[in-house]
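The figures that follow rest on heavy atoms only: side chains count, while hydrogens, waters and symmetry mates do not. Letters A, B, ... mirror the listed sequences (proteins, then strands); counts begin at 1.
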4 protein chains.
Amino acid sequence: MQGVNKVILIGNLGKDPEVRHLDNGASVANFSIATTETYKDRNSGERVDQTEWHNIVLWRGLAEVAEKYLKKGDSVYIEGKLRTRSWEKEGVTRYTTEVVGDQLTMLGGKKSSDDSGQSSNYSGGNQSNSQQAPAQSQTPDTNSEMDDLPF
Amino acid sequence: MQGVNKVILIGNLGKDPEVRHLDNGASVANFSIATTETYKDRNSGERVDQTEWHNIVLWRGLAEVAEKYLKKGDSVYIEGKLRTRSWEKEGVTRYTTEVVGDQLTMLGGKKSSDDSGQSSNYSGGNQSNSQQAPAQSQTPDTNSEMDDLPF
Amino acid sequence: MQGVNKVILIGNLGKDPEVRHLDNGASVANFSIATTETYKDRNSGERVDQTEWHNIVLWRGLAEVAEKYLKKGDSVYIEGKLRTRSWEKEGVTRYTTEVVGDQLTMLGGKKSSDDSGQSSNYSGGNQSNSQQAPAQSQTPDTNSEMDDLPF
Amino acid sequence: MQGVNKVILIGNLGKDPEVRHLDNGASVANFSIATTETYKDRNSGERVDQTEWHNIVLWRGLAEVAEKYLKKGDSVYIEGKLRTRSWEKEGVTRYTTEVVGDQLTMLGGKKSSDDSGQSSNYSGGNQSNSQQAPAQSQTPDTNSEMDDLPF
DNA sequence: TTTT
DNA sequence: TTTT
C-alpha cells in the first residue's frame, strides 16, 4: 500500500549546516534542529522544558538554500519524511532516524545587534511543488544517490 | 513571506467525482468528502456526530486517478492547500473555499458484496513528489487554467 | 467513520484580532491570516505572488493569547480544523469556511524600530495537548457554544 | 521556543501490538507500521518500492484501543510526535526514534474471509482533543511514566 | 487586510 | 547543539 510518511517541524538549528557537494553535482545538507515542548509537571506544578533533537537531511536545491541562508540558532519550518538508516560500527548495527526535508521555510533567527535579516524569510520549496530548482530535491533518484554517501 | 498552507483530510466521497477534460489537455475533478467527528455532549452525555463537508479539486494526473478509481462512498486521504474563490451570482459576490489536492491515497470503500478491491490502495501522488504524471498537477500554470473554468 | 480534518498554516495577520467575551465566560477571537505562495509563471517566466486569506477562529485560552499577544502583521503557526458555516443574508444562504485553531505558535512580527519582542514566541497550546488552560479551548462544548454566537 | 513536532503516518502493522499494563494503571502499546513509497527508478525506469518502518508508542486510552482492535496487517492513521530515546547495551549508547501517537484512526485491515468489520473505523483520539479517555494519553505525566519502563 |  |  502506498502509505503516508510526513513530518512537520518548527525548531532551531543547533549548529551551522554541514553541506557536501557530491561528484554527481548533487548537494546534501545535514543539521539538527531542536523542538522544545513546555508542560507543567503533575506533581511539582513547575514548568518543565523537554527538548527533542531531529536530524535533518536536505538535498540539491534545498541543501544549497541551507548552505547560503541557514546558520546556528535560526528558526525553520521543515516538512519531510522519516527515513531510518542502518550502519555498522565496531561490529554493531546501529540505526539513525532522519527527516528528509522536501520543504523549508525560514522563520527568522535569534535576536542579535548586527542581524538585519532577522525577518527575511525564504521558502526553499513551495506549496505547489512547482518545477523550480529547490523542489527538485524530491526526484526519485535521491534514493540511488544516497547509496553513494560515505556515512 | 512564503507561508505554509496545508490541509490533510481523511473522509468519504459524497458522490462520484465530476471530471472535465479541458481544451488544453488538462483534466480537473471535483467532489466533496465528509469528515465526521464524534464527541460527547457536555450536557446530555450523549455521543454526537458532527460532519463537515469539504470541496475537493484535483488537477491533471490526480483528476484522472479520481475519474478511474474513485466513486461515491470511497474513503480517501487527501493532502493539499486551501483556496478561496469568489464569483458573482445575481449581483452578489459569493465565496467558496476548496481544497486543491496534491496528494491522494485511496483507503478503500464501503462494504459491498461485489467489492473485491476494497483494500486495494493507490496513491495518485507520492511522498517524494517525484516527476511522475500525477505530481504534475502541481505546476504553476494551474493558476492560469483556473481562469478558464466555467464555475 | 471518524475522519481526519486538519489544517496547518503559517502566515501573517491582516489586522489585529477581534476578541469577544461571551456571557458564559468563554472568549472567542477572529482574525485573518495571509499565506503567500510564490511561483514562476510558465509563460512570462516572472515570479508571481499568490496570496490566500484564511479566517481563523480561536476559543477560550487561545483567544485570550491572541488578544494579549497578537497584532496586525504578526507571523503565526496555526493548527486546526476546517469548519463551514452557513448563514442568511438578504434571503440568500451564504457559506463561510473557517479554520478553528487548536494550536497556536507565535513566530514573530515584522521588523520595526521599537519592536523589542520580535522573537518572543509563545505557544497557546502545546504538542502534548496537556490540561493547561489554552488546551481547554478544545473541549466538546465548543460546539454548543457556537450556536450562541450572533454571527 | 515552543516548537512544532508533528508526525502523520498511514501504514500497516507489521505484527500485533505488544501492550503492557503498568503498576500505576497506565497502559502502553508498542508496534511498528510500514509505509511504502513507490517511485520510478531513474535509470531502469522500473517501479521500485521503498518501505520504511516506524516504531509507534501509544499510551493509556489509545494503548487500550490498540490492544482491543489492532492486529498485524491493519491499516492505521497515526498522528503524533517524534521522540528519540537513548539506552545502553554492551557498553554502547544506542538511540531509538519513536512516534508517540496522540491520535489513531483505524482504516481497515487486509482482506480475510471472516473479517466482517473491515471498514469499521475507530478514532482513539478525536480532532477536537476533547476530555474523553483516549485523549488523556496526552497528559504531561506521560513523561515521568516513561522513566519507569524497562526498555 | 499581511508579509518579503 | 538551539531557542525562550
Side-chain angles (χ1 to χ4, degrees), chain A residues 9-18 30-39 47-56 65-66 69-78 105-112 115-124 126-127, chain B residues 1-5 84 86 95, chain C residues 9-18 30-39 47-56 65-66 69-78 105-112 115-124 126-127, chain D residues 1-5 84 86 95:
Chain A
L9 303 172
I10 294 180
N12 302 282
L13 279 78
K15 294 185 182 174
D16 291 351
E18 295 179 11
N30 289 271
F31 56 92
S32 294
I33 68 170
T35 57
T36 300
E37 177 185 354
T38 304
Y39 62 91
R47 299 193 72 74
V48 183
D49 274 9
Q50 182 162 335
T51 295
E52 199 66 34
W53 286 95
H54 311 272
N55 301 311
I56 309 297
V65 168
Y69 299 109
L70 293 185
K71 64 178 188 308
K72 178 178 175 176
D74 282 352
S75 177
V76 290
Y77 169 91
I78 287 176
T105 300
M106 294 175 62
L107 301 173
K110 60 179 174 182
K111 281 171 298 222
S112 75
D115 181 7
S116 61
Q118 183 171 354
S119 316
S120 65
N121 298 295
Y122 182 95
S123 172
N126 70 25
Q127 283 90 278
Chain B
M1 167 183 175
Q2 285 285 73
V4 171
N5 173 359
T84 299
S86 66
Y95 297 89
Chain C
L9 302 172
I10 293 181
N12 302 283
L13 278 78
K15 296 185 182 174
D16 290 351
E18 294 179 12
N30 288 271
F31 56 91
S32 293
I33 68 170
T35 57
T36 301
E37 177 186 352
T38 304
Y39 63 90
R47 300 194 71 74
V48 183
D49 274 9
Q50 182 162 334
T51 294
E52 200 67 33
W53 286 95
H54 310 272
N55 300 312
I56 310 297
V65 168
Y69 299 109
L70 293 185
K71 62 178 191 307
K72 177 178 174 176
D74 282 353
S75 177
V76 290
Y77 169 92
I78 286 175
T105 300
M106 292 174 63
L107 301 173
K110 60 179 174 183
K111 281 169 299 219
S112 74
D115 181 6
S116 63
Q118 183 170 353
S119 316
S120 66
N121 298 296
Y122 182 94
S123 173
N126 70 27
Q127 282 90 280
Chain D
M1 167 183 174
Q2 286 285 74
V4 171
N5 174 359
T84 299
S86 66
Y95 298 88

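Atom CG in L9(C) sits roughly 17 Å away from atom P in dT3(E) (whole-Å rounding). When rounded to the nearest whole Å, the span between NZ of K72(A) and P of dT3(F) equals 7 Å. Atoms CD1 (I10(C)) and P (dT2(E)) sit 20 Å apart, rounded to a whole Å. Note: CG (N5(B)) to P (dT3(E)) measures 18 Å, nearest angstrom. A straight line from OH of Y77(C) to C1' of dT4(F) spans 19 Å, rounded to a whole angstrom. At whole-Å resolution of the value, CD in E52(C) and P in dT4(E) are 20 Å apart. Residue E37(A) contributes atom CD, which lies 18 Å from atom P of dT4(F) at whole-angstrom precision. The interatomic distance linking R47(A) (CZ) with dT3(F) (P) rounds to 20 Å, in whole Å.
When distances run from any side-chain atom of T51(C) to the nucleotides dT4(E), dT2(E), dT1(E), the shortest one goes to dT2(E). Here the side chain of D49(C) is nearest to one of dT4(E), dT2(E), dT2(F), namely dT4(E). Nearest to the side-chain atoms of N12(C) among the listed nucleotides dT1(E), dT2(F), dT2(E) stands dT2(E).
For dT2(F), the base is not stacked against the aromatic ring of W53(A), per a cut-off of 5.5 Å between centres and 30° between planes.
Scanning both residues, H54(A) and T35(A), for their nearest heavy atoms gives NE2-OG1, 2.8 Å.
Under the 4.5 Å side-chain criterion, counting only non-hydrogen atoms from C-beta, T105(A) is not in contact with I10(C).
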Test side chain to side chain contact (heavy atoms under 4.5 Å, CB included) applied to I56(C) and N30(C), step by step: CA-CA 6 Å; I56(C) 310 297; N30(C) 288 271; over 6 Å; no

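By the side chain to side chain donor-acceptor pair (under 3.5 Å) test, D49(C) pairs with T38(C), sequence neighbours left out.
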